[in-house]
Each structure stands twice: as structure tokens, then as C-alpha cells.
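Working notes, beginning with the structure itself.
What you see is a predicted model, and the numbers here were worked out from it, not measured in a lab. Order of listing sets the numbers, starting from 1, for every ligand and every atom in it.
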Amino acid sequence: MSTPIIEMHGIVKTYFEGRPNELEILHGIDLVVQPGEFVSIVGESGSGKSTLMNLIGALDRPTRGSYRLDGVDVSGASSRQLSDIRNRKIGFVFQNFNLIGRSNAQKNVELPLLYAGVPPRERAKRAKSLLELVGMQDRARHRPAELSGGQKQRVAIARALACDAPLLLADEPTGALDTATSRSVMDLFHTLHREQGKTILLITHNPQLAAETDRVITLIDGRITREEKGGGRVD
Ligand SMILES: Nc1ncnc2c1ncn2[C@@H]1O[C@H](COP(=O)(O)OP(=O)(O)O)[C@@H](O)[C@H]1O
Ligand SMILES: [Mg+2]
């Protein structure tokens with residue numbers, strides 16, 4: 001078997017450690033994800049899904065436990081190494097899109113490429129083809145305020161793909177969208193999974209969408225309580 005893209009053992013996350021208000025949120029998470037899997041994480045609000053996602057995304061460090069991201073030990077990495085790993089390995093998609101309001105769709109998609117030091121012409125070309133991929137080529141000059149929720153999320157997904165990271169982390173990406181729009185965003189994730197071999201971790205409140213993924217992980221009060229095989233996509 002190949003190196004897991006995510007390998008977590010005994011992950012504990014405590015906020016306000018050592019203080020009177022110390023709060024242990026994750027109580028020992030074991031999670032192994034292989035390259036090319038599409039995994040969903042479900043659980044009630046406050047169960048620790050976003051906390052876990054922040055750890056997986058190397059945006060935060062665990063209090064205890066070991067975490068290897070594509071074979072690299074994240075627990076022992078410096079902040080600089082963490083941001084380097086993040087930029088190369090992970091594309092993030094959020095419920096509220098997190099687009100830059102004053103920049104148009106094209107510039108939003110170009111931004112990670114700018115940070116990565118990609119020259120302007122190549123940036124523009126790559127962003128254009130990504131906007132095509134997500135069906136947003138006609139809206140390249142629109143700013144986020146001039147786009148619908150579903151369109152904003154497509155642009156955000158194009159941005160997440162900019163540096164060709166193998167892993168997409170999506171925290172409630174359809175949480176702010178209506179049913180039909182959620183469907184089309186979910187279809188886009190399926191396409192990226194199937195056609196580009198992306199590994200996808202999807203946090204969702206929607207059990208029907210979760211059931212379409214390869215594997216459904218349920219989090220209750222900071223513990224993985226259940227793991228089921230999803231049905232995959234029914235076409
Ligand atoms: N930065 C933080 N500092 C302190 N407590 C936090 C922080 N982030 C989340 N929490 C707490 O952790 C718990 C889990 O939150 P979260 O991971 O956002 O859950 P979910 O995404 O499942 O709704 C909540 O009780 C929340 O208040
Ligand atoms: Mg959350």
C-alpha cells in the first residue's frame with residue numbers, strides 16, 4: 001500500500017492548556033486516509049469537526065498525538081515548514097468562500113500562484129483554465145459581490161486547485177447553499193475525485209451528501225464513534 005496522505009494517531013486537542021478554563025475538544029483521534037479517497041466527516045455542531053479539519057490542514061498543531069501528512073511529520077514541523085507543506089499539499093474550501101472582495105474571480109484564483117512565485121502570464125493562463133474547469137469562464141471579471149453563492153464556491157474551488165495540491169479539505173462547502181446549488185458543487189467534487197484523482201475530505205451536515213462518499217466518519221463530542229462505507233456516487 002502507498003503512504004497514507006493522512007495518518008493520525010491518538011490526536012488530542014486542548015484549548016487553553018494549563019489554564020483553569022482548559023478545554024479538551026478532541027480526545028484521541030485515529031484517522032488514516034489513503035491517496036485518492038473521498039471521505040466525509042459528519043457530526044453535530046460543536047463536535048469538533050472544524051477543530052479536526054484545522055489540524056488536518058496544518059493550520060493548527062495537536063496538543064498530543066502524531067500526525068503525518070503525506071509522510072511528513074507535522075507535529076514536529078516549524079511554522080515555516082507547516083505553511084510550506086500546506087501550500088504544496090492542501091487546497092482549502094470553506095463554507096463562506098473566503099474570497100477577496102475587491103478582486104475579481106480571475107485574480108482570486110491567481111492569488112495562491114502569486115504567493116507561490118508563479119510568473120504573471122503563467123498565473124493568468126492557469127487561473128483561466130481552472131475557471132473553465134469549474135464552469136466559471138464567463139465570470140472571470142466578476143467580483144465576489146457580483147456572483148451567486150454557488151458561483152462563489154466554484155471560484156473558491158478553482159482557487160483551491162491553483163497549486164495542484166493532492167488533498168482538498170472542504171469544511172461545510174455547501175452549508176450556505178440551497179439544495180440545487182449544493183448538488184452542483186457536490187458533483188464538482190465528484191468530478192475532481194474521479195477525473196483528477198484528488199483526495200477529498202468533506203465536512204458536511206448533510207447525511208445524503210456524506211453517503212455519496214467512499215467513507216463516512218461520525219464525530220460525537222470529539223471522538224470518532226462510527227465509520228461506515230459510503231455508497232459512492234449513484235449516477
Ligand atoms: N480557537 C478556539 N478556542 C477555544 N475553543 C474553541 C476554539 N475553536 C473551537 N473551540 C471549541 O471547540 C468545540 C468544537 O468546535 P468546532 O471544532 O468548531 O466544532 P464543529 O465544527 O463540529 O461545529 C466547541 O465547543 C468550540 O467552542
Ligand atoms: Mg465547524
Worksheet entry | Side-chain heavy-atom pair Q196, L133 within 4.5 angstrom cut-off | yes

For residues 53-72, tabulate all N or O donor-acceptor pairs below 3.5 Å that involve a side-chain atom, not counting sequence neighbours.
residue: N54; atom: ND2; partner: S50; partner atom: O; Å: 3.4
residue: D60; atom: OD1; partner: K13; partner atom: NZ; Å: 3.3
residue: D60; atom: OD2; partner: K13; partner atom: NZ; Å: 3.2
residue: R61; atom: NH1; partner: A77; partner atom: O; Å: 2.4
residue: R61; atom: NH2; partner: S79; partner atom: OG; Å: 3.4
residue: T63; atom: OG1; partner: T14; partner atom: N; Å: 2.8
residue: Y67; atom: OH; partner: I56; partner atom: O; Å: 2.7
residue: R68; atom: NE; partner: G71; partner atom: O; Å: 3.4
residue: R68; atom: NH2; partner: G71; partner atom: O; Å: 2.9
residue: D70; atom: OD2; partner: K89; partner atom: NZ; Å: 2.7

Item to complete: State whether the side chain of D171 and the backbone N or O of I203 hold a donor-acceptor pair below 3.5 Å, judged by distance alone.
Response: no

Worksheet item: Taking 4.0 angstrom as the limit, do D84 and R80 come out as a salt bridge?
Response: no

Practice prompt. For ligand 1, list the protein residues that place a heavy atom within a distance below 4.0 Å of one of its atoms, sorted by chain and number.
Written response: Y15, F16, I25, E44, S45, G46, S47, G48, K49, S50, T51

Worksheet entry | Distance-only polar pair, side chains of Q81 and S78, donor-acceptor under 3.5 Å | yes

Discussion item. Is there a side-chain contact between L161 and K198 in this structure, where contact means two heavy atoms from C-beta onward sitting under 4.5 Å apart?
Written reply: yes

Worksheet item: Got a donor-acceptor contact below 3.5 angstrom from the K49 side chain to the T218 backbone?
Response: no

Fill in: Total protein N, O or S atoms, the Mg ion (ligand 2), separation less than 2.8 Å
1

Worksheet item: How would you list, by chain and number, every residue that makes a ring pair (Phe, Tyr, Trp, His ring centres under 6.0 Å) with F38, sequence neighbours excluded?
Response: H190, H193

Discussion item. Counting C-beta onward and ignoring hydrogens, is there a side-chain heavy-atom pair between L82 and V74 closer than 4.5 Å?
Written reply: yes

